[in-house]
Structure formats: C-alpha cells, structure tokens
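Let me begin by presenting the structure, written as structure tokens, before commenting on it.
Because only heavy atoms are used, hydrogens play no part in the values below, and waters and symmetry mates are left out as well, while side chains stay in. Being a predicted model, the structure only gives us computed values, none of them experimental.
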Amino acid sequence: MVISSLLISSHASAQVELVGKMEQGALIRAQVEPGTKVSLNGEAVKVTPKGDFAFGFGREAELNQELKLVYPDGLTQIMPLTISEKEYKIDRVNGISKKIMKPDPKAVERSRKDSKQVKAARAQFSEQNAFTQDFIWPLTGRISGVYGSQRVYNGKPGNPHYGVDVAAKTGTVVVAPADGIISLSVADMFYSGGTVILDHGYGVSSSFLHLSKLYVTEGEAIKQGQPIAEVGATGRVTGPHLDWRVNWYQMRLDPVTIVPSMASVLNKK
C-alpha cells in the first residue's frame, strides 16, 4: 500500500522515490538507482543491492532534514526534507502518592536487563528486504492507545507511549505484519510481559508486547500473515491488548504510518 509518494528528479540518472508520510514518527521507504550512496543528516544509510532503503523521523524530530545521494556516475544530490509537526495526547494525573511514584529497586534492575535485550535485538542488521512490503495490521479491532501519547504524574512527565494499542481478548491471535526473522522471543519481561521482535531487514523491526502465548523462537523465518503469538495482559498493563511498535534501529516510530487506516480495514470486513 502506497500512503504517499514523492518522486524527485533533476537529472536523467538522478531520482529518488520516497514512500510514506512526511511527518514526525513516520517510517519512510525509498528507492534509488542501485549503487547509490545515501546519507541522512550526515549519517550513512544502508541501501540494498536493488536500491531500496528506509529511514525514520522520531517523535520529536527536527522539522528540517537533509537527504544526500551520491549516484554511481558521481552526481551528488542534496534533498532538503520538510516534515510536519504532530500534536500528541497529553494526560495530567495529580495526587499520586509518593510510595507509588517511587520505583522498586528490584523492578528497576530487572527492567534494565530487559531493555538491554530489546536494544540488542533492534540493533541487529540483516539483509532482508521485507521492509519494502506493504505492511498489514497484526491484529484488527478498537485502537485503545496511540503513538506519542504521554502522562504527566504529579507534574513529572512519564515516558511517552511508542506503540499503537489494539484492544482484544486474551488468546486472540496476532499475525506478522510483514515477512521477517524473529530476533527476540521472551515469555515474561517486567514491563512488556510476553515480547516478540520481528526483524524486517535494514534496521526495520516490529515489536509485539503483553503477549500471553508465543508461537515463535529466535532465528525463525516468518511470513506475512503467519500467526506468531496470542494477545494477553502480561507485564505492566491494566487489561488485555496488543501493543505493536515499529523501529528503525533504536528510533521509535508510529506503526500507523505504514498500514491502511484501521477504519478502512474494518469497513472491508
């Protein structure tokens, strides 16, 4: 599914196609002439032998970005990119007791170990090109949580929510939104409970949180639409749902930028 497409050309051998929403939180897929070298804001971006690559704009990304392309014939193209600023849902909660606000040292240590595992999985690089596929929703239903939302407790900002939550009953099957290889499969993490990470290649990965049952193991090759787990209420949650997240390496992105709207999918059903 093409969400939006921008084709820029200033020379017979100089053109790049960018597919995605030019806004904060978006994953952008792109294609250039094979052999082209690409960098974003001065940082090299890996490109497949066929000329495909991906990059992202974080939750608070600067609105002015720069893409540089050096084509095989030596022509260099500088592309200024202007992205849209997003507004995020902010909830303020006051009157919470100091006891609740103070974290348990054991829980903090456990969550740090979990975080190291997750970061290592997301840092992996593979030469799969599954990231170029048209992604599908891993689960359909009512969206109960959105990317970028944040709660402020007693005036202190909590961590933003970096996924999209889909409410469903425990045991509801979750499928792969695109092909990939399982880079992490852990039945019980402190915050995220049952957790699976699916590597789609070239830094792009999907994470699935709060799962009650995992069908997959690390290193397993997965096809789009294949069942990978079941919805649960594991970890630190108040009810069963799927928390789906998309990353470009360690950059946390909004999954809704790469799939059709939930409303359009439900209408087709």
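- Residue Asp243 comes nearest to Arg245 through the heavy atom pair OD2-NH2, 3.0 Å, listed as atom of the first residue, atom of the second, then distance.
- Judged by distance alone, the side chain of Ser39 and the main-chain N or O of Glu43 form no donor-acceptor pair under 3.5 Å.
- Within the 6.0 Å centre-distance limit, the rings of Tyr202 and Phe125 are counted as a close aromatic pair.
- Cluster annotation: Leu209 and Tyr147 are assigned to distinct hydrophobic clusters (Ile/Leu/Val/Met/Phe/Trp/Tyr, side-chain heavy-atom contacts under 4.5 Å, transitive).
- Counting only heavy atoms from C-beta outward, the side chains of Val246 and Phe131 never approach each other to under 4.5 Å.
- Contact record, Gly56 with Leu40: O-CD2, 4.3 Å, taken as the closest heavy-atom pair.
- Under a hydrophobic clustering in which Ile, Leu, Val, Met, Phe, Trp and Tyr are joined whenever their side-chain heavy atoms come within less than 4.5 Å, directly or via other members, Met22 and Met79 fall into the same cluster.
- A donor-acceptor pair under 3.5 Å is formed between the side chain of Glu220 and the backbone N or O of Thr217.
- Both Leu75 and Val32 are members of a single hydrophobic cluster when ILVMFWY side chains are connected at heavy-atom separations under 4.5 Å.
- The residues Asp254 and Arg59 are annotated as not salt-bridged, no charged nitrogen and carboxylate oxygen being separated by less than 4.0 angstrom.
- A side-chain N or O of Ser126 and one of Asp199 form a donor-acceptor pair less than 3.5 Å apart.
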Trace of the side-chain contact (heavy atoms from CB on, under 4.5 Å) decision for Leu242 with Asp165: CA-CA 5 Å; Leu242 171 67; Asp165 293 340; over 6 Å; no

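- Under a 3.5 Å cut-off, the side chain of Ser185 and the backbone N or O of Val216 do form a donor-acceptor pair.
- Residue-environment remark: NZ (Lys68) stays at or below the threshold of 12 foreign heavy atoms within 6.0 Å.
- Between the side chain of Thr36 and the main chain of Pro34, no donor-acceptor pair closer than 3.5 Å is present.
- Contact check for Leu214 versus Val196: side-chain heavy atoms found under the 4.5 Å cut-off.
- Proximity of a side-chain donor or acceptor of Gln31 to a complementary backbone N or O of Glu17 within less than 3.5 Å is not detected.
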Chi angles and distances behind the side-chain contact (heavy atoms from CB on, under 4.5 Å) call for Phe135, Thr257: CA-CA 10 Å; Phe135 279 56; Thr257 64; over 6 Å; no

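- You'll find the side chain of Val204 reaches within 4.5 Å of the side chain of Leu27, heavy atoms only.
- How far OG of Ser192 is from CG of Asp114: 6.0 Å, rounded to the nearest 0.5 Å.
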From CA spacing to verdict: side chain to side chain donor-acceptor pair (under 3.5 Å), Glu66, Asn41: CA-CA 5 Å; Glu66 183 180 272; Asn41 302 320; over 6 Å; no

side-chain contact (heavy atoms from CB on, under 4.5 Å) evaluation trace for Glu23 with Phe57: CA-CA 7 Å; Glu23 64 182 24; Phe57 304 123; over 6 Å; no

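- No donor-acceptor pair under 3.5 Å is formed between the side chain of Ser149 and the backbone N or O of Lys89.
- Rounded to the nearest 0.5 angstrom, Ser206 OG and Ile258 CD1 are separated by 6.0 Å.
- Evaluated for a salt bridge (charged side-chain N to carboxylate O under 4.0 Å, His left out) with Asp188, the options Arg236, Lys213, Arg110 yield exactly one hit, Arg110.
- Between the CG atom of Leu211 and the OG1 atom of Thr170 there is a distance of 10.5 Å, given to the nearest 0.5 Å.
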side-chain contact (heavy atoms from CB on, under 4.5 Å) assessment of Thr140 paired with Met262: CA-CA 7 Å; Thr140 57; Met262 182 66 82; 4.0 Å; yes

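- In this structure, OH on Tyr249 lies 11.5 Å from CD on Gln124, to the nearest 0.5 angstrom.
- Aromatic ring centres of Tyr88 and His161 lie farther apart than the 6.0 Å criterion allows.
- Ser111 places a side-chain N or O within donor-acceptor distance of the main-chain N or O of Ala107, the cut-off being under 3.5 Å.
- The minimum heavy-atom distance between Ala54 and Val45, with the atom names listed, is O-CG1, 3.6 Å.
- One hydrophobic cluster, built from ILVMFWY side chains closer than 4.5 Å, cannot hold both Tyr191 and Ile197; they sit in different ones.
- Linking Ile, Leu, Val, Met, Phe, Trp and Tyr residues whenever their side-chain heavy atoms come within less than 4.5 Å leaves Phe53 and Val70 in two separate clusters.
- With hydrogens and angles disregarded, no donor-acceptor distance shorter than 3.5 Å links the side chain of Gln24 to the backbone of Glu85.
- Side-chain contact of Tyr215 with Glu230: a donor-acceptor pair under 3.5 Å is present, judged by distance alone.
- Around CD of Glu60, the count of heavy atoms belonging to other residues, nucleotides or ligands within 6.0 Å exceeds 12.
- Taking 4.5 Å as the limit, every side-chain heavy atom of Glu33 sits out of range of all side-chain heavy atoms of Gln15.
- Inter-residue side-chain proximity for Leu69 and Thr76 is flagged as unmet; no heavy-atom pair is nearer than 4.5 Å.
- Ile136 has its side chain within reach of Gln224: a pair of non-hydrogen atoms, C-beta onward, lies under 4.5 Å apart.
- When all heavy atoms are compared, the tightest approach of Pro255 to Val259 is O-CG2, 3.5 Å.
- Side-chain atoms of Val256 and Trp137, non-hydrogen and from C-beta on, do get closer than 4.5 Å to each other.
- Side chain to side chain, Ser205 and His200 fail the donor-acceptor criterion of an N or O pair below 3.5 Å.
- The number of heavy atoms from other shown groups lying within 6.0 Å of CG (Asn267) is above 12.
- For Gly35 against Pro72, the heavy-atom pair with the smallest separation is C-CG, 3.8 Å.
- Distance CG/Leu67 to CD1/Ile78: 8.5 Å, rounded to 0.5 Å.
- For the residue pair Gln133 / Asp179, a side-chain donor-acceptor distance below 3.5 Å is found, with atom types taken as modelled.
- When all heavy atoms are compared, the tightest approach of Asn247 to Leu253 is C-CD1, 4.4 Å.
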Trace of the side chain to side chain donor-acceptor pair (under 3.5 Å) decision for Arg122 with Ser207: CA-CA 9 Å; Arg122 288 174 174 164; Ser207 299; 3.0 Å; yes

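- When side chains are defined from C-beta on, His210 does not count as touching Val231, because their heavy atoms never get closer than 4.5 Å.
- A distance of 5.5 Å separates CD1 of Ile182 from CD1 of Ile228, quoted to the nearest 0.5 Å.
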